[in-house]
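No experiment lies behind these values; they were computed from the predicted model shown. To find a chain, count down the sequence lines: A is the first, B the second, and so on, and within it residues start at 1.
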2 protein chains.
Amino acid sequence: MGSTRTARGRGGAPSMVEVAALAGVSVGTVSNVVNHPERVRAETIEKVRAAIEQLGFSRAVPVRAARTNPSVVEVAAVAGVSVGTVSNALNHPEQVRPETLARVRAAIEQLGFTPNANARSLAGGENRTIGLVVVDLGNTLFVDIARGAQREAAARGESLLVTNSDRDDAQQDAHLDLFESARVRGVVLAPLSDPFAGIQRVRRHGTPLVVVNYDDGRQDCCTVLVDNERVGYLAARHMVELGRRRLAWVSELNDLQPVHERQAGVRRAVREAGRGVSLVELDTEGVGENDGDHVVEEVLALPARRRPDALIAVTDMLGASVVEALRGAGLSVPGDIAVMGCDHDARAWGGAVPLTTVRMEGEEMGAAAVRLLADEVAEGVDHVHRRVVVQPSLLVRESSAGRLPR
Amino acid sequence: MGSTRTARGRGGAPSMVEVAALAGVSVGTVSNVVNHPERVRAETIEKVRAAIEQLGFSRAVPVRAARTNPSVVEVAAVAGVSVGTVSNALNHPEQVRPETLARVRAAIEQLGFTPNANARSLAGGENRTIGLVVVDLGNTLFVDIARGAQREAAARGESLLVTNSDRDDAQQDAHLDLFESARVRGVVLAPLSDPFAGIQRVRRHGTPLVVVNYDDGRQDCCTVLVDNERVGYLAARHMVELGRRRLAWVSELNDLQPVHERQAGVRRAVREAGRGVSLVELDTEGVGENDGDHVVEEVLALPARRRPDALIAVTDMLGASVVEALRGAGLSVPGDIAVMGCDHDARAWGGAVPLTTVRMEGEEMGAAAVRLLADEVAEGVDHVHRRVVVQPSLLVRESSAGRLPR
DNA sequence: CTGAAAGCGCTTACAG
DNA sequence: CTGAAAGCGCTTACAG
């Protein structure tokens, strides 16, 4: 990348690298001459100082230094040992004599040596980094998953690298390949849609993989799931406990597993509530997450005695959109109709009425995923895939319970 | 890692690797025999089939395959070319004859070859990944920064790896070292506190670095900042425009730059508003982000004619806490006192009254950082550090403007 | 257009 | 406890 430049101007000041080249010594030696001349033979000092003189070298704050990293070879030279010993000092310090260790560590410190992880990995050293591919960092659930995974990884002395596929299948694949090509220890995937192809992609190389928040039903990897049936159950039970009697389930009509499961939970709660409580299912095809107006039209079209007094939306986004539409139609929330969502999604939190929701325990999910991955790594070929199901919890806010007294 | 196992049981079914070993051929050849026997010499087919027979090998879904990646050597063998040509097919396809290219690509496909990025990087190949170290993914601002950075990186064909230091200096350092050791193209740092040491840490290796959301005043790297003076200015002007006359600035008394700047902006807006508008500054030492009670005590202790009708808190967290405390004291928000925060922080969004705030454009900040980094990489030693200042924007909600009609 | 060879920076047996 | 040597999987000149 060429030479160094001082902060003061564009002088093109020479770097230690150039001095070393001119003097025919290593950069470590030049550094020693500058910082610790007592460690260097008089003859070498003279040679280096001549080079310094000739090039007009002076230590300066570089604006943008050439990119350069000392290697084990230079560390070994400065410490006066072989590269094998440097490597041992790094990886098996207990096998190195304390004094030798101290000398190596001093050299590392002095040179600012940061081992090249690529070389280390290539040579068969241990890799303690995990990759997490997340479908959408804009959704709170996945941010929570990332945070939980990060904490668990840190607690285990591993590093977590996060990648956001931004709801794009091609990017998701690219990120899986990226982690595979980096030969990370394992991958956690929170996918957009059925991750079958992605799983195959990782699995064919035998890389440990855990899938979060998607049950493909094939059991071909460890999985962390939310109990979505319970999500719906908690929601409907909440409305019943508030005294609501005519519940409505609002969702897009589609094949997504979580949607079906939540719906099943709602039905179960209504069934358990007995005679006085009824359920209307407003699951229309093509209702997007911002189609509250559309939903409200349907609601208002119902005969008065069938009109619901509680709406449960499959997601917070849809719930928030429904709240706005109801208020736009002159109805009060929750006075006329209580509303809630599911998901605990921050994108839905800007509305006028704080939205009741069912929260999935994202941090716990992320932590569980890292634990499963660690087990898979540890167990090797004896590993048997497991699934962890995390329980959701209710979060009551104004849209169902009204403004809280305090 | 040992042998493969079928999904059906613990039979210890043999893998292609073992077949290859027994037959004395490459895995690629075994694969060819199984999938494309027409490509293999009759003699070899016989040898491999004998091995398959002897080991009882059958293609099966492995529960957990041994970890194995084909290398360029195997690709070369299958394609019938040299490894140099495989490399050229990968990196300089225009230099390879179309038919050769096709053969190499077929081999890559067939073997499921994913190049080892570590080896590639070591050998001097190009590295297109950027590292982002973020202080706290729990804070919306940094999630937005990550998303913006990720989009800009993707648009440029680069991969962004995100790491969460979780408000821990030691982890921040570890992550900087992690990216340095991986020899990423460059690093973006959204630091916890003064990043001077961290900057040195990266800079000494000449690695391109951009700092986001912290101005250390030293100009020793590219920086992306929010105009915090304007944050305060927008907040105070908003209150004035709503007709509020006695503003209060609420913050912890400390040395943080953003705090001072926001305060300065508030003062300017009040000054510009002229005679009718006054400002009280409630900046008490030791007021934490949840000390709303404490703040409200101070407010209520003021003589009636000096009691503020608008509170501007330095952060959303403090603002939300103040809202709760005011409501607890029997005051209405914004009826008696309008309140707002600064930061657009999702952690503060659970309260009963949606909080007006000033939003920092996190996505824009992240994107700008990646652009600066790309410039620094492209410009090499001719690079001169720049700073980008992003403008904040007002987000009006109920806590200042009252419930919106629709 | 293709191949043989050197080398990137490490780690790991293996001698000593 | 330490050193010399081989090798990890690539890319890059350099010959052909």
Side-chain angles (χ1 to χ4, degrees), chain A residues 1 26-28 67-105 107-108 111-129 177 180-184 205, chain B residues 26-28 67-105 107-108 111-128 177 180-184 205:
Chain A
M1 278 213 187
S26 75
V27 174
R67 199 157 180 191
T68 166
N69 278 283
S71 74
V72 279
V73 174
E74 291 168 73
V75 173
V78 170
V81 298
S82 74
V83 296
T85 300
V86 173
S87 178
N88 280 332
L90 250 22
N91 302 301
H92 311 285
E94 72 288 354
Q95 294 178 16
V96 179
R97 196 152 43 108
E99 303 139 56
T100 311
L101 196 56
R103 255 188 308 146
V104 172
R105 287 185 171 161
I108 287 174
L111 294 172
F113 169 71
T114 304
N116 184 327
N118 299 300
R120 186 190 287 231
S121 166
L122 233 206
E126 221 196 356
N127 188 338
R128 295 189 73 78
T129 104
D177 285 351
E180 179 61 39
S181 71
R183 306 298 192 258
V184 295
H205 297 119
Chain B
S26 76
V27 174
R67 201 159 177 189
T68 167
N69 278 283
S71 74
V72 278
V73 174
E74 293 168 70
V75 174
V78 171
V81 299
S82 74
V83 297
T85 299
V86 173
S87 178
N88 280 332
L90 251 22
N91 302 301
H92 310 285
E94 73 287 354
Q95 294 179 17
V96 179
R97 195 153 43 107
E99 304 139 57
T100 311
L101 197 56
R103 253 188 309 147
V104 173
R105 287 186 171 159
I108 286 174
L111 293 172
F113 170 71
T114 304
N116 185 327
N118 299 300
R120 187 190 286 230
S121 165
L122 234 205
E126 221 196 357
N127 187 338
R128 295 188 75 78
D177 285 351
E180 179 61 39
S181 70
R183 305 297 192 258
V184 295
H205 297 118

Are any side-chain N or O atoms of A:H205 and backbone N or O atoms of A:S181, one a donor and one an acceptor, separated by less than 3.5 Å? no
Output yes when a side-chain donor or acceptor of B:N69 lies under 3.5 Å from a complementary backbone atom of B:N116, and no otherwise. no
Any residue in residues 112-122 of chain B with a heavy atom nearer than 4.0 angstrom to DNA chain D? Just list them by number, or reply none.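 Those residues are B:F113, B:P115, B:N116, B:A119, B:R120, B:L122.
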B:A123 vs B:V81, nearer the 5' end of DNA chain C by closest nucleotide: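 Result of the comparison: B:V81.
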Note on DNA chain D: ranges paired as stems (three or more Watson-Crick/G-U pairs in a row, both atom distances under 3.5 Å) are C:1-3 with D:14-16, C:5-12 with D:5-12, C:14-16 with D:1-3
Spacing of [atom1] belonging to [X] relative to [atom2] belonging to [Y], to within rounding of 0.5 Å:
X      : Y      : atom1 : atom2 : answer
B:T100 : B:R105 : OG1   : CZ    : 11.5 Å
A:R120 : B:N118 : CZ    : CG    : 12.0 Å
B:H92  : B:L101 : NE2   : CG    : 13.0 Å
B:T114 : A:R183 : OG1   : CZ    : 6.5 Å
B:S71  : B:L111 : OG    : CG    : 9.5 Å

For B:S82 and B:A76, which heavy atoms make the closest approach, and how far apart are they?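 Heavy-atom minimum between the residues: C-CB, 3.8 Å.
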Considering non-hydrogen atoms only, spot the tightest contact between B:V104 and B:V81 and give its length. CG2-CG2, 4.0 Å
Along DNA chain D, 5' to 3', what are the outermost nucleotides having an atom less than 4.0 Å from a heavy atom of chain A? D:dC1 to D:dG9
Can you spot which of B:V96, B:T85, B:I108 makes a side chain to side chain contact (heavy atoms under 4.5 Å, CB included) with B:L90?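 Only match with B:L90 under side chain to side chain contact (heavy atoms under 4.5 Å, CB included): B:I108.
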Name the residue closer to the 5' end of DNA chain D, choosing between A:V83 and A:R103 according to the nucleotide with the nearest heavy atom.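 Taking each residue's closest nucleotide, the earlier one in sequence belongs to A:R103.
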What nucleic acid atoms does A:S71 come within less than 4.0 Å of, heavy atoms only: base, sugar-phosphate, or nothing? sugar-phosphate
